[in-house]
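Down below is the structure, laid out as structure tokens.
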Amino acid sequence: MSSSPGDDVPARAPDTARGGPAVSRAEFDSVFAAVSTWGRWPEAGRGAWNRITGDHVRRAAALVRSGTTVQLGLPWNTRAGPDNSRPALHYMSDLGDVEAPEPATHKDFIGADYHGKAVSHLDALSHVAYRGRLYGGRPARDCVDAGGARFGSVEALGALVTKGVLLDLPAVLGRDWLEPGHAVRAADVLAAERALGVTIDEGCAVLLRSGRFRRRRELGPWDAGAACAGLHVDAVPLLAERAIALLGGDGDSDVRPSPVEGVHSPVHALAVAAMGVPLLDNLDLEALSAACAEARRHEFMIVVSPLRVPGGTGSPVNPVAVL
């Protein structure tokens with residue numbers, strides 16, 4: 001690596017009280033227009049995943065050295081808590097006594113209202129609308145109804161294999177985790193690249209570790225919808241300039257509380273609705289952080305294969321990083 005974590009970080013103290021410096025609605029709308037990729041791809045429902053070619057996959061495969069694989073999905077969470085108001089379901093539907101014997105079979109059911117803070121999941125392009133419009137400018141009311149999404153569904157995305165980059169901010173800053181409300185800004189992203197010896201380039205999957213689940217394990221759960229470390233609006237133009245294909249983290253990418261009045265999830269709006277970049281929410285990045293530290297590199301191949309749900313606005317997912 002080019003330097004040790006902590007050697008090259010911004011000197012400013014983070015503004016953790018309100019999700020970083022405030023951004024006016026007019027400023028936000030200007031950023032939205034600047035990062036928009038509307039009209040760029042014929043297969044608009046795949047958004048930024050159109051960037052991935054066979055060359056991207058081959059370059060990602062070339063990053064595999066030790067063959068170490070790391071699962072990034074959380075365990076299925078059926079326990080209610082301040083960060084899990086709609087617990088996932090899991091129950092047994094057959095204890096070997098329903099069908100004819102020999103062999104006995106055991107069956108179970110799972111289900112989840114997964115767009116929240118407790119299930120690792122992918123947000124497809126139909127998940128987020130801004131000012132009533134989905135990615136590409138399509139009116140959300142014309143594209144999404146009780147039957148599901150007719151544009152930007154998770155089934156349209158398919159699977160993704162590309163280069164992944166872990167921005168391990170606690171490691172860079174010499175901390176165990178970032179406190180809820182800590183806003184990760186463009187300067188922090190650039191400093192993390194230098195400190196970790198990585199480069200975010202075209203077609204990358206960028207994963208931001210805040211240490212959320214280490215903090216949760218040590219201090220207990222809290223309402224991550226009210227306060228969570230994440231990206232500030234001013235970091236998004238940098239990621240747009242680098243032409244990323246996927247954004248994710250151990251939160252939902254947004255710093256909370258939001259710095260934009262009237263927009264509760266500004267990074268969601270910019271990434272999904274403006275840039276066509278799907279999001280990975282609620283990843284457990286602790287094992288990946290340890291694996292990257294041991295390997296002394298923070299680049300890897302990442303494999304993301306969401307469920308094929310026709311009309312789905314996303315999918316529970318268990319991405320895999322391969323070092």
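Quick note: residue numbers are just sequence positions, from 1. Just so we're clear, the structure is a prediction, and the values are computed from it rather than from any experiment. All values below come from the heavy atoms of this structure, side chains included, with hydrogens, waters and symmetry mates left out.
Of the possible polar contacts, one joining the D234 side chain to the A186 backbone as a donor-acceptor pair under 3.5 Å is found. No donor-acceptor distance shorter than 3.5 angstrom exists from the side chain of R65 to the backbone of A295, with no hydrogens or angles considered.
Between R185 and D188 there is no salt bridge, since none of the side-chain N atoms of the basic residue sits less than 4.0 Å from a carboxylate O of the acidic one. Taking the charged nitrogens against the carboxylate oxygens, K117 and D252 do have a contact shorter than 4.0 Å, which makes a salt bridge. Ion pairing of R150 with D145 is present here, as a side-chain N (NZ or NE/NH1/NH2) and a carboxylate O approach within less than 4.0 Å. Electrostatic pairing of R214 and D250 does not count as a salt bridge here, judged by no charged N lying under 4.0 Å from a carboxylate O. Ion pairing between a basic and an acidic side chain is recognised when a charged N comes within 4.0 Å of a carboxylate O; D284 and R217 show such pairing.
Other residues, nucleotides and ligands contribute only 12 or fewer heavy atoms inside 6.0 Å of the CD atom of Q71. Around CZ of R308, the count of heavy atoms belonging to other residues, nucleotides or ligands within 6.0 Å does not exceed 12. Counted within 6.0 Å of CD on E202, heavy atoms from surrounding residues, nucleotides or ligands total more than 12; the atom is thus considered enclosed. Applying the 6.0 Å contact sphere to CD of E294 captures no more than 12 heavy atoms from other residues, nucleotides or ligands.
Closest non-hydrogen pair, D254 versus V267, comes out as OD1-N, 2.7 Å.
Note: R51 CZ to W41 CH2 = 4.0 Å, rounded to the nearest 0.5 Å. Between atom NE2 of residue H115 and atom CG of residue N282 there is a gap of 11.0 Å, rounded to the nearest 0.5 Å. Note that CD of E43 and CG of L157 are 10.5 Å apart. Values are rounded to the nearest 0.5 Å. For the atom pair H121 NE2 and D113 CG, the distance stands at 10.0 Å (nearest 0.5 Å).
Under the 30°/60° scheme for interplanar angles, the aromatic rings of Y91 and F109 are found to lie parallel.
With V165 as the partner, the side chain to side chain contact (heavy atoms under 4.5 Å, CB included) test is satisfied by one option alone out of I302, T199, L196, I200: I200. Partner V236 forms a side chain to side chain contact (heavy atoms under 4.5 Å, CB included) with one of L247, V189, L270 and no other, that one being L270.
Under the 6.0 Å distance and 45° angle rule, R216 does not count as a cation-pi partner of W177.
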